[in-house]
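Here the structure is laid out as structure tokens; the discussion comes afterwards.
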Amino acid sequence: MSEEKEKTVRIDKWLWAARFYKTRSIARQMIEGGKVDYNGSRAKPARPVEIGAVIKLLQGNARREIVVLGISDTRGPAKEAQLLYKETEESIKRREEISRMNKELALINPRPDTKPNKKERRALINLKQNGF
């Protein structure tokens, strides 16, 4: 009976149990918003998950591609959740490259040492509105 129940886990519940999203409602919103692909096609929240399926999803700013290794409908510890999937090597490389580029861009962008005071804020606002 438990094996049969494991075979019919909804994708929104599985994504929540695998700890990709904090709540099932967020997982459902991401699926309905087209941010989750199941085996190359757009998923629906009630879609059953199968072992070996490839899921592409957006988590924060990171695009991940994972392969389903296990099925669970209960949210457990993170160590157990990581056993339910494996991220592809290409996805890991792409995420690391994007992270590296974001860090480099953060170094290039100028940041003031302190917050601007009232006079400086007014000057900035004037500059943005008038262009000079």
**OP:** Search all heavy atoms of A46 against all heavy atoms of R10 and return the closest pair with its distance.
**Re:** CB-NH1, 3.6 Å
Original post:
In terms of the angle between their ring planes, are Y85 and F20 parallel, tilted or perpendicular, with boundaries placed at 30° and 60°?
Top reply: tilted
Subject >> Member of K44, R47, R24 meeting the salt bridge (Lys or Arg N to Asp or Glu O under 4.0 Å) criterion with D12 >> reply: R24
Original post:
Given the rule in the side-chain contact (heavy atoms from CB on, under 4.5 Å) test, do L58 and M30 qualify, once you have shown the distances and angles that lead to the verdict?
Top reply: CA-CA 8 Å; L58 184 66; M30 296 299 278; 4.2 Å; yes
Original post:
Can you find a pair of side-chain heavy atoms, one from P45 and one from E32, that are under 4.5 Å apart?
Top reply: yes
Original post:
Do I71 and L84 come within less than 4.5 Å of each other through their side chains, counting heavy atoms only?
Top reply: no
**OP:** Provide the closest heavy-atom pair for L69 versus K86 in the form atom of the first, atom of the second, distance.
**Re:** CD1-CB, 3.7 Å
Subject >> Heavy-atom side-chain contact between D73 and T8 under 4.5 Å >> reply: no
Subject >> Expected output: side-chain E120 to main-chain N117 donor-acceptor under 3.5 Å >> reply: yes
**OP:** For the residue pair L57 and I66, establish whether any side-chain heavy-atom pair is separated by less than 4.5 Å.
**Re:** yes
Subject >> T88 and its side chain to side chain contact (heavy atoms under 4.5 Å, CB included) partner, picked from E65, R64, K56, K93 >> reply: E65
**OP:** Treating Ile, Leu, Val, Met, Phe, Trp and Tyr as nodes and any side-chain heavy-atom pair under 4.5 angstrom as an edge, say whether I11 and I26 lie in one connected cluster.
**Re:** yes
Subject >> Greater than 12 external heavy atoms within 6.0 Å of R63's CZ >> reply: yes
Original post:
Where do Y38 and P48 come nearest, in terms of heavy atoms and distance?
Top reply: OH-O, 3.5 Å
Original post:
Does the side chain of I55 reach to within under 4.5 Å of the side chain of V36, using non-hydrogen atoms?
Top reply: yes
Subject >> Nearest heavy-atom neighbours spanning P77 and R19 >> reply: C-NE, 3.8 Å
Original post:
Under 4.5 Å between side-chain heavy atoms, hopping through other hydrophobics if needed: is there a path connecting V68 to I92?
Top reply: no
**OP:** Look up atom CD1 in I31 and atom CZ in R42, then write down how far apart they are to the nearest 0.5 Å.
**Re:** 10.5 Å
Original post:
Distance from N61 atom CG to Q59 atom CD, nearest 0.5 Å?
Top reply: 10.5 Å
**OP:** Verify, without hydrogens or angle tests, whether N39 (side chain) and V54 (backbone) share a donor-acceptor contact under 3.5 angstrom.
**Re:** yes
Original post:
If you look at every heavy atom in G70 and W14, which pair is closest and at what distance?
Top reply: O-NE1, 3.0 Å
Original post:
Is it true that a side-chain atom of D37 and a backbone atom of G40 form a donor plus acceptor pair closer than 3.5 Å?
Top reply: no
Original post:
What heavy-atom pair brings A17 and A81 nearest, and what distance separates the two atoms?
Top reply: O-CB, 3.7 Å
Original post:
Is the shortest distance from a Lys or Arg side-chain nitrogen in R94 or E90 to a carboxylate oxygen in the other one below 4.0 Å?
Top reply: yes
Original post:
So, R100 and E104, do they make that salt bridge, N to O below 4.0 Å?
Top reply: yes
Original post:
Is R95 salt-bridged to E87, going by a charged N under 4.0 Å from an acidic O?
Top reply: yes
Original post:
Under 6.0 Å from the CG atom of D113, do we count more than 12 heavy atoms belonging to anything else shown?
Top reply: no
